[in-house]
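Before any comments, here is the structure.
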Amino acid sequence: MEGAEIMVPGSIANIGPGLDTLAVAVQLYLRVRVTRVSSSERGSLHFHFGKLPLNGENRIETAFYNLAGNDRHFPSLHLEVASDIPMGSGLGSSAAATIAGFRLYELLRGEQPCERLLTLAAELEGHADNAAAALLGGLAICYQRQDGSVMAFSNPWPSSLAFVVLTPAIALSTERSRQALPHSVPLKDAVANMQCVLFLLQALQIGDDSLLTEALCDRLHQPARESLVPGLNVALRLSHPDLLGVFLSGSGPSIVALARERSGEIEELMAESYRPLGIPFRTSILRVHNASQSAVASMLRANSMNGICCLH
């Protein structure tokens, strides 16, 4: 197992109207590499984060041991962690860590049922949308049963659709952002969001960009979070011939614009709208992580080729 590497993508959740239902995996990655296996010691994980800051709980470790349960009969592992996913940005860093912990256990014990992983992820994360995208790749669609168990499936996301992401340098915890959500909403707003989700899925399936601007509208969570995310209300009103829509990434504070062409111009438009606020920020253009391989199949192929294991 020494030299094996687990790679898990970040994700953008909600995508406008799909609160706790939709998320798409993007090409930002958390990597966990096994640097040493200690057969003389059992049941322990030793992490080296390098320059990567660890603020609070180690979600990789938490997820691993929650999945392992009473299973402690494995050689201790020394692990090196690196990540492209900015923490606390609304780009799925916590969910990626949770899935990385699951993948690490699968590296030891083999592939686990997807429903088990998603259900446990929902228990640990509070919702399963980011975790489903990190686990399945592409556009993940989640459904949570009344007993708490979670099902999800993944559709391909059009590779031509780019995500232009603006991440402000402000602290916004998921807990605080979720506390801002209303406990109830008018029926007309709930119906409007259902319509938008269906239109969004149809627009993506048939490749009709003209539907996306309307389909990305939301009445459930973004209005409640505008006061927590500086610049969101301005960004939602931006206009450009190649701008297909703007929405909050997960619980924020990252703001995302969809573009098929001239994404560099959209990136500059987003930056121009934010500069007057005087808040430091960074921008990036991300592409979808569309994965079709199962974790174990990917592991076996990679191991047979060069001893490096990349679990997507």
Side-chain angles (χ1 to χ4, degrees), residues 7-19 22-30 52 83-97 129-131 133-134 137-140 157-174 177 200 204 209 212-213 215-218 221-222 225-226 228-240 242-277 279-290:
M7 186 170 70
V8 181
S11 52
I12 293 171
N14 301 334
I15 317 175
L19 178 64
L22 303 177
V24 62
V26 292
Q27 293 179 6
L28 291 171
Y29 297 100
L30 170 68
L52 187 68
S83 182
D84 306 326
I85 311 170
M87 297 179 67
S89 61
L91 293 171
S93 61
S94 174
D129 46 0
N130 286 103
L139 174 64
W157 179 272
S159 58
S160 59
L161 280 181
F163 304 95
V164 181
V165 182
L166 185 146
T167 303
I170 60 174
L172 177 59
S173 68
T174 301
S177 185
L200 175 60
L204 292 172
D209 292 349
L212 286 175
T213 301
L216 291 170
C217 293
D218 166 76
H221 70 104
Q222 290 182 170
R225 288 165 165 167
E226 280 191 20
L228 301 178
V229 182
L232 176 59
N233 55 351
V234 175
L236 290 172
R237 297 196 298 268
L238 290 176
S239 178
H240 185 281
D242 292 301
L243 176 62
L244 303 177
V246 177
F247 52 89
L248 187 64
S249 181
S251 58
S254 290
I255 302 169
V256 180
L258 270 190
R260 192 180 292 275
E261 303 288 346
R262 294 188 289 183
S263 53
E265 291 186 17
I266 305 300
E267 183 179 26
E268 182 55 31
L269 178 66
M270 295 271 286
E272 286 179 1
S273 75
Y274 214 85
R275 288 190 184 103
L277 298 179
I279 300 172
F281 64 90
R282 59 181 170 184
T283 60
S284 57
I285 300 174
L286 301 177
R287 294 287 177 176
V288 63
H289 170 91
N290 275 323

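Please read these numbers as outputs of a predicted model, since none were measured by experiment.
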Open item on the list: Could you tell me if the side chain of Leu248 sits less than 4.5 Å from the side chain of Asp218, heavy atoms only?
Closed with: no
Task: Worked verdict on Thr283 versus Val164 for side chain to side chain contact (heavy atoms under 4.5 Å, CB included) - done: CA-CA 7 Å; Thr283 60; Val164 181; 5.7 Å; no
Task: Backbone of Gly90 reached by a side-chain donor or acceptor of Ser249 within 3.5 Å - done: yes
Open item on the list: Do Asn14 and Leu22 have side chains that approach each other closer than 4.5 Å (heavy atoms only, starting at C-beta)?
Closed with: no
- [ ] Would you sort out whether Leu212 and Leu161 count as a side chain to side chain contact (heavy atoms under 4.5 Å, CB included), showing the intermediate values?
- [x] CA-CA 11 Å; Leu212 286 175; Leu161 280 181; 4.3 Å; yes
Task: Heavy-atom closest pair, residues Ile285 and Ser263 - done: CD1-OG, 3.6 Å
- [ ] Could you grab the distance from atom CD1 of Ile255 to atom OG of Ser273, nearest 0.5 Å is fine?
- [x] 7.0 Å
Open item on the list: Is there a side-chain contact between Leu216 and Leu200 in this structure, where contact means two heavy atoms from C-beta onward sitting under 4.5 Å apart?
Closed with: yes
- [ ] Give the C-alpha distance, both sets of side-chain angles, the deciding distance and a yes or no for side chain to side chain contact (heavy atoms under 4.5 Å, CB included) between Leu258 and Phe247.
- [x] CA-CA 9 Å; Leu258 270 190; Phe247 52 89; 4.0 Å; yes
- [ ] Count the heavy atoms belonging to other residues, nucleotides or ligands that lie under 6.0 Å from CZ of Arg282, then report whether that count exceeds 12.
- [x] no
Task: Minimum-distance pair of heavy atoms, taken over all atoms of Ala133 and Gly138 - done: CB-O, 4.5 Å
Task: Partner of Leu28 by side chain to side chain contact (heavy atoms under 4.5 Å, CB included), out of Ser11, Ser83, Pro86 - done: Pro86
Open item on the list: Looking at every non-hydrogen atom in both residues, tell me the closest pair between Val229 and Leu172 and how far apart they are.
Closed with: CG2-CD2, 3.8 Å
Task: Electrostatic pair Arg262-Glu268, nearest N-O below 4.0 angstrom - done: no
Open item on the list: So which atom in Pro17 and which in Cys217 form the shortest heavy-atom distance, rounded to 0.1 Å?
Closed with: CB-O, 3.4 Å
Task: Heavy-atom closest contact (Ala25 atom, Pro9 atom, distance) - done: CB-CG, 4.0 Å
Task: Reported OG-to-CG distance for the pair Ser94 and Asn130, which is rounded to 0.5 angstrom - done: 8.0 Å
Task: Neighbour count above 12 (heavy atom, 6.0 Å) for Glu261 CD - done: no
Open item on the list: Distance check, rounded to the nearest 0.5 Å: Asp242 atom CG versus Leu269 atom CG?
Closed with: 11.0 Å
- [ ] Identify which one of Asp129, Asn290, Val256, Ile15 satisfies the side chain to side chain contact (heavy atoms under 4.5 Å, CB included) criterion when paired with Val24.
- [x] Ile15
Open item on the list: For a 4.5 angstrom cut-off between non-hydrogen side-chain atoms, does Ser251 reach Arg225?
Closed with: yes
Open item on the list: For Pro253 versus Gly88, what's the shortest heavy-atom pair and its separation?
Closed with: CD-O, 3.4 Å
Task: Short side-chain to backbone donor-acceptor contact, Tyr274 and Pro230, under 3.5 Å - done: yes
Open item on the list: So, taking the atom named CG in Leu30 and the one named CD1 in Ile85, what distance separates them when rounded to the nearest 0.5 Å?
Closed with: 5.5 Å
Task: Backbone of Ser89 reached by a side-chain donor or acceptor of Ser254 within 3.5 Å - done: yes
- [ ] Say whether, by atom type as modelled, one donor and one acceptor occur between the side chain of His221 and the main chain of Gly16 under 3.5 angstrom.
- [x] yes
TODO: Please test His289 against Tyr29 for side chain to side chain contact (heavy atoms under 4.5 Å, CB included), starting from the C-alpha separation and ending with a verdict.
DONE: CA-CA 10 Å; His289 170 91; Tyr29 297 100; 2.8 Å; yes
Task: Distance-only donor-acceptor check, side chains Arg260 and Ser160, under 3.5 Å - done: yes
